[in-house]
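Encoded as structure tokens, the structure appears first; notes follow it.
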Amino acid sequence: MDRFRPLRMIQVEPEAAEPPAPAAGAGGDADGDESPAPAAGLLMGARVRRRAAVYRDCKGDYIGVPNDPCLTKILSKQGDNKVLFADKVLKFTQSGKMKRRILVITDFALYLVDPDADILKRRIALAAVDKLCISNLSDNFFAIIVPTEYDCLMASTRKKEIVDVIVKAIKSTSEYEPEVASSNSVPPSTDLESLFEYHAAAEVIKVVEFEDVDGGIKTRITTKEKS
């Protein structure tokens, strides 16, 4: 079964070359020898919200989890069986590589699965999610902020649905609602429209910058210098 059909194109402006970063902590979705997703060019953000996105049915499970032995086995090992959302996404590693992942959201946790190796790469308990970061533009990027571990930057054409599902799931099982931060303050001297930060590792802060240009949204991911 072809679980990972090509996604809509996005434009990501690469960061200047830097020394190789150390791998993420044990148990995390660290950089490895697996084949990365195609680099620049996946999931191009449109200037205006696409009509198809406005009228698209939100069915939640776009993978067919009950019919996937690997995914059902992973969930059953964790005692999870209520799937709220499942779809293909791109996950960004600490070093900036894009990796194909299947994102499964249940009423207790988020799962990131390698669709090529059928391996669970990371499980994030919903109780550990503090905030979700998005831009105020029609791009496809979002970050899940997990203060007790490290954050996770992903891209999906169903970004809004994913954020809504996570917020509703956390509200239904706890007494708090996670913040959805649309943007950090943008320096007035730049052409940037939006930006946000996330911890790619305990000591590594990445900045995701968005600029509205002809033909779409230009996105750049850089490493924040230590003050």
Side-chain angles (χ1 to χ4, degrees), residues 25 27-29 43 45 49-50 53-63 65 71 74-75 78-92 101-113 120-186 192-202 204-210 217 219 221 224:
D29 194 358
L43 297 169
R49 183 169 174 80
R50 296 171 293 278
V54 175
Y55 295 104
R56 179 188 294 133
D57 291 334
C58 298
K59 67 178 184 178
D61 182 2
Y62 299 91
I63 297 295
V65 174
L71 296 178
I74 289 173
L75 295 180
Q78 301 292 335
D80 262 348
N81 53 28
K82 185 178 180 181
V83 175
L84 305 177
F85 180 91
D87 196 16
K88 55 188 178 293
V89 298
L90 290 179
K91 187 263 181 188
F92 291 77
R101 294 289 180 261
I102 290 176
L103 170 66
V104 179
I105 304 173
T106 71
D107 49 349
F108 289 108
L110 292 85
Y111 296 81
L112 285 169
V113 178
L120 175 63
K121 302 298 289 187
R122 187 178 182 188
R123 181 183 186 272
I124 304 173
L126 289 179
V129 176
D130 177 64
K131 182 170 67 173
L132 297 120
C133 291
I134 59 176
S135 78
N136 52 18
L137 300 174
S138 297
D139 60 276
N140 301 293
F141 292 83
F142 63 98
I144 299 174
I145 308 303
V146 189
T148 57
E149 303 173 22
Y150 60 94
D151 305 332
C152 184
L153 177 67
M154 291 183 277
S156 168
T157 54
R158 294 188 170 97
K159 173 184 73 173
K160 183 181 184 302
E161 183 179 355
I162 292 171
V163 171
D164 288 345
V165 168
I166 293 174
V167 171
K168 290 177 182 177
I170 293 175
K171 286 176 63 178
S172 68
T173 57
S174 65
E175 298 180 352
Y176 83 100
E177 177 177 346
E179 177 188 358
V180 179
S182 60
S183 178
N184 290 353
S185 58
V186 178
L192 300 178
E193 301 282 345
S194 183
L195 64 84
F196 61 76
E197 299 177 357
Y198 73 99
H199 280 81
V204 179
I205 300 177
K206 296 279 188 175
V207 181
V208 187
E209 303 172 341
F210 303 90
I217 309 300
T219 306
I221 303 172
K224 185 175 183 179

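Given the structure is predicted, the values throughout are model-derived calculations rather than measurements.
- Ion pairing between Lys159 and Asp139 holds under the 4.0 Å rule for side-chain N and carboxylate O.
- In terms of heavy-atom proximity, Ser172 sits nearest to Ala169 at OG-O, 2.8 Å.
- Residues forming a side-chain contact (heavy atoms from CB on, under 4.5 Å) with Asp107 (at least two apart in sequence, or on another chain): Asp80, Lys82, Leu84.
- For Asp164, the side-chain hydrogen bond (donor to acceptor under 3.5 Å, both in side chains) partners are Lys160, not counting sequence neighbours.
- Atoms CD and CD1, from Glu161 and Ile166 in turn, are 11.0 Å apart once rounded to the nearest 0.5 Å.
- In this structure, Asp151 CG and Phe196 CZ are separated by 10.0 Å, a value rounded to the nearest 0.5 Å.
- Atoms CD1 and CG, from Ile102 and Asp87 in turn, are 9.0 Å apart once rounded to the nearest 0.5 Å.
- A 4.5 Å side-chain heavy-atom check between Lys91 and Arg122 finds every atom pair outside the cut-off.
- With contacts defined as side-chain heavy-atom distances shorter than 4.5 Å, the pair Leu153/Ile221 qualifies.
- The line from NZ of Lys121 to CD1 of Ile74 is 11.0 Å long, rounded to the nearest 0.5 Å.
- Side chains of Met154 and Arg101 form no contact here, defined as non-hydrogen atoms less than 4.5 Å apart.
- With a 4.5 Å cut-off on side-chain heavy atoms, Arg158 and Tyr62 count as touching.
- Checked against side-chain contact (heavy atoms from CB on, under 4.5 Å), Thr148 has the following partners two or more places apart in sequence or in another chain: Ala128, Val146.
- Between the CG atom of Leu103 and the OH atom of Tyr111 there is a distance of 11.5 Å, given to the nearest 0.5 Å.
- Here CZ of Phe141 is found 12.5 Å from CD of Glu209. Values are rounded to the nearest 0.5 Å.
- When ring centroids are compared, Tyr150 and Tyr198 stay outside the 6.0 Å threshold.
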Run the numbers on Leu112 and Cys152 for side-chain contact (heavy atoms from CB on, under 4.5 Å), then give the verdict.
-> CA-CA 10 Å; Leu112 285 169; Cys152 184; 3.7 Å; yes
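- Inter-residue side-chain proximity for Phe92 and Lys206 is flagged as unmet; no heavy-atom pair is nearer than 4.5 Å.
- Heavy-atom minimum distance, Ser182 versus Ser194: O-OG, 3.7 Å.
- The side-chain contact (heavy atoms from CB on, under 4.5 Å) test with Val167 is passed by exactly one of Val180, Val129, Ile162: Val180.
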Trace of the side-chain contact (heavy atoms from CB on, under 4.5 Å) decision for Leu126 with Leu110 | CA-CA 7 Å; Leu126 289 179; Leu110 292 85; 3.0 Å; yes
